[in-house]
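Working notes, beginning with the structure itself.
We number each residue from 1, following the sequence as shown.
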Amino acid sequence: VHTTSHCPKRRLPCPLGCGVEIDADLLEEHKAESCSRRRIVCPNGCGKEVEVRRLEEHVNGECDRRTVPCLLNCGQEVPEAQLKSHMANECQRRT
């Protein structure tokens, strides 16, 4: 019974589904700090929770708060969600 239910060194699959099997006594640390499937809040401030393994994809391709260059080539980088407003109201190259 000890080796299957109480032993801190028994191997358990990560419940987040990353595929790692880890010692029971290290499982909480794995889930909180190193699991590729753990969720964190987007560092751009959009408020979305994203799996760590998808963070780069989200930050660079999906996030409304990622910065993009102005399409009118004024040299400004603005949050994508504000791009239309920038080009219509603030851009030095608007017509």
Using side chain to side chain contact (heavy atoms under 4.5 Å, CB included), reason through H30 and C14 one step at a time and then give a plain yes or no.
CA-CA 8 Å; H30 167 77; C14 174; 3.5 Å; yes
By the side chain to side chain donor-acceptor pair (under 3.5 Å) test, which pairs, at least two apart or in different chains, include something from residues 13-25?
K9-D25, R11-D23
Provide the closest heavy-atom pair for L71 versus M87 in the form atom of the first, atom of the second, distance.
CB-SD, 3.6 Å
Can you tell me if R38 uses its side chain to pair, donor with acceptor, with the backbone of E33 under 3.5 Å?
yes
Give a yes or no answer on whether the side chain of R10 reaches the backbone of A24 with a donor-acceptor pair at less than 3.5 Å.
no
Name the atoms and distances for all side-chain donor-acceptor pairs under 3.5 Å in residues 39-52, with sequence neighbours left out.
| residue | atom | partner | partner atom | Å |
| --- | --- | --- | --- | --- |
| R39 | NH2 | E49 | O | 2.7 |
| E51 | OE1 | R53 | NE | 2.5 |
| E51 | OE1 | R53 | NH2 | 3.1 |

Can you measure from CG (N73) to CD (Q92) and round to the nearest 0.5 angstrom?
13.0 Å
Between CZ on residue R66 and CD on residue E77, distance to nearest 0.5 Å:
11.5 Å
Checking C70 against R93 for the side chain to side chain contact (heavy atoms under 4.5 Å, CB included) test, could you report, in this order, the C-alpha distance in whole Å, the side-chain angles of both residues, the deciding distance, and whether it holds?
CA-CA 10 Å; C70 173; R93 293 194 151 188; over 6 Å; no
Side chain to side chain contact (heavy atoms under 4.5 Å, CB included), that's the test. Do R54 and E62 meet it? Break it down for me.
CA-CA 10 Å; R54 292 198 58 249; E62 301 169 355; 2.6 Å; yes
If the condition is side-chain hydrogen bond (donor to acceptor under 3.5 Å, both in side chains), which residues does H86 pass it with, not counting sequence neighbours?
none
Can you tell if the side chain of E29 reaches within under 4.5 Å of the side chain of S34, non-hydrogen atoms only?
no
Can you tell if the side chain of K31 reaches within under 4.5 Å of the side chain of P15, non-hydrogen atoms only?
yes
Are L72 and V78 linked, directly or through other ILVMFWY residues, by side chains that come within less than 4.5 angstrom of each other?
yes
Using the rule that Ile, Leu, Val, Met, Phe, Trp and Tyr join whenever any side-chain heavy atoms are under 4.5 Å apart, tell me whether L27 and L16 fall into a single cluster.
no
